[in-house]
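Working notes, beginning with the structure itself.
By convention here, the first residue in the shown sequence is residue 1.
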Amino acid sequence: GTGLWRADDLVAFATEWNATGAIADEAERKAAQDDVLALWSDNGRADGTVRLRNGIDMSGVEYTPIGWNANPMEIDKYAFTGKFDGGGHKISSLKVEVNDYAGLFGCNKGHIANVVMEDCEISALDCAGAVVGINVGTITGCSTTGGSVTSTAMCAGGIAGVMSDGASLLEDCTVSTAAGSTAHLSQ
């Protein structure tokens with residue numbers, strides 16, 4: 001794997017990851033997710049880290065969050081479970097508008113680190129965050145500047161829309177000038 005260099009890479013990674021959620025058999029789904037992680041990771045293995053290698057301008061790019069599905073009752077099957085390192089590179093002008101779990105990631109059960117979101121427009125009926133709509137995993141060293149994060153019915157946060165299950169960790173993250181709630185900035 002070589003990591004994510006362009007907007008096309010980010011879209012392809014999200015599409016490939018989300019396709020694994022439709023696999024009914026849990027062992028087969030996990031094997032398919034491992035294959036996607038290996039393809040995009042820095043060491044070519046499922047235990048590697050998927051890395052953002054450049055700043056990416058998402059202006060005008062149609063995007064579906066990583067770890068997202070239209071049926072919120074099945075989000076568990078689609079949740080991102082790997083390691084993602086933004087390397088401090090900016091993802092700018094990302095626009096996401098979905099019913100549930102809006103953000104760069106829809107649902108995270110893995111580890112997301114060092115993601116910098118700038119001037120993004122994230123909106124959902126339920127659970128919107130610039131980095132992740134619903135976090136059940138770990139988020140470290142992420143930041144959001146500018147843009148807006150809105151939820152018309154439930155949770156909105158500059159980093160995560162909602163932190164779930166008590167096992168979540170959110171540390172060393174910052175939000176500045178982002179519209180919407182910052183209630184889920186820290187635990």
Side-chain angles (χ1 to χ4, degrees), residues 7 10-22 52 56-81 84 86 90-113 115-187:
L10 190 58
V11 170
F13 175 66
T15 301
E16 290 169 20
W17 181 269
N18 293 342
T20 67
L52 191 61
I56 296 179
D57 181 354
M58 296 295 288
S59 298
V61 176
E62 192 171 318
Y63 181 78
T64 300
I66 301 161
W68 183 87
N69 176 262
N71 181 352
M73 301 308 288
E74 292 189 357
I75 196 66
D76 206 46
K77 295 177 185 175
Y78 292 81
F80 179 73
T81 57
F84 186 94
K90 289 180 185 173
I91 295 176
S92 60
S93 304
L94 176 69
K95 184 174 182 176
V96 176
E97 190 173 344
V98 295
N99 280 340
D100 301 291
Y101 313 126
L104 176 63
F105 291 81
C107 180
N108 173 51
K109 287 185 169 186
H111 186 175
I112 301 169
V115 173
V116 178
M117 304 297 290
E118 183 178 79
D119 299 328
C120 296
E121 304 294 327
I122 311 294
S123 64
L125 179 64
D126 293 336
C127 303
V131 176
V132 63
I134 183 169
N135 184 52
V136 187
T138 301
I139 301 173
T140 56
C142 294
S143 65
T144 302
T145 57
S148 68
V149 177
T150 57
S151 171
T152 54
M154 285 189 64
C155 308
I159 300 293
V162 68
M163 301 292 282
S164 184
D165 287 345
S168 305
L169 177 66
L170 183 64
E171 64 183 21
D172 300 325
C173 295
T174 60
V175 176
S176 60
T177 67
S181 169
T182 58
H184 299 288
L185 174 59
S186 62
Q187 288 279 296

From [X] atom [atom1] to [Y] atom [atom2], the distance as rounded to the nearest 0.5 Å:
X      : Y      : atom1 : atom2 : answer
Lys95  : Cys120 : NZ    : SG    : 12.0 Å
Leu10  : Leu52  : CG    : CG    : 7.0 Å
Leu125 : Thr150 : CG    : OG1   : 10.5 Å
Ile56  : Ser92  : CD1   : OG    : 9.0 Å

Taking every non-hydrogen atom, the tightest pair across [X] and [Y]:
X      : Y      : value
Cys107 : Ile75  : CB-CG1, 3.5 Å
Val132 : Gly106 : CG2-O, 3.7 Å
Cys127 : Val162 : SG-CG1, 3.7 Å
Cys142 : Ala113 : SG-C, 4.0 Å
Gly129 : Ile122 : O-CG2, 3.6 Å
Asp57  : Ser93  : OD1-CB, 3.8 Å

Query raised in the report: Is a side-chain donor or acceptor of Thr144 paired with a backbone partner of Gly158 at a separation under 3.5 angstrom?
Result: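 Answer holds: yes.
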Query - Over 12 non-hydrogen atoms of neighbours within 6.0 angstrom of CD in Glu97 - result: no
Query raised in the report: Does the side-chain contact (heavy atoms from CB on, under 4.5 Å) test come out yes or no for Met58 and Val11, once each step is laid out?
Result: CA-CA 10 Å; Met58 296 295 288; Val11 170; 4.3 Å; yes
In residues 62-73, what donor-acceptor pairs under 3.5 Å come from side-chain atoms, sequence neighbours left out?
unit_1 : atom_1 : unit_2 : atom_2 : d
Tyr63  : OH     : Leu104 : O      : 2.7
Trp68  : NE1    : Asp100 : O      : 2.7
Asn69  : OD1    : Asn71  : N      : 2.7
Asn69  : ND2    : Tyr78  : OH     : 3.1
Asn71  : OD1    : Met73  : N      : 2.9

Report task. Applying salt bridge (charged side-chain N to carboxylate O under 4.0 Å, His left out), name anything that partners Glu118, two or more places apart in sequence or on another chain. Result ->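 Counting only residues at least two positions away or on another chain, Glu118 forms a salt bridge (charged side-chain N to carboxylate O under 4.0 Å, His left out) with Lys90.
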**Report entry** Mutual orientation of the aromatic rings belonging to Phe80 and Phe84 [parallel < 30°, tilted 30-60°, perpendicular > 60°]
**Finding:** perpendicular
Report task. Would you mind telling me which of Thr138, Asn135, Thr81 makes a side-chain hydrogen bond (donor to acceptor under 3.5 Å, both in side chains) with Asn108? Result -> Asn135
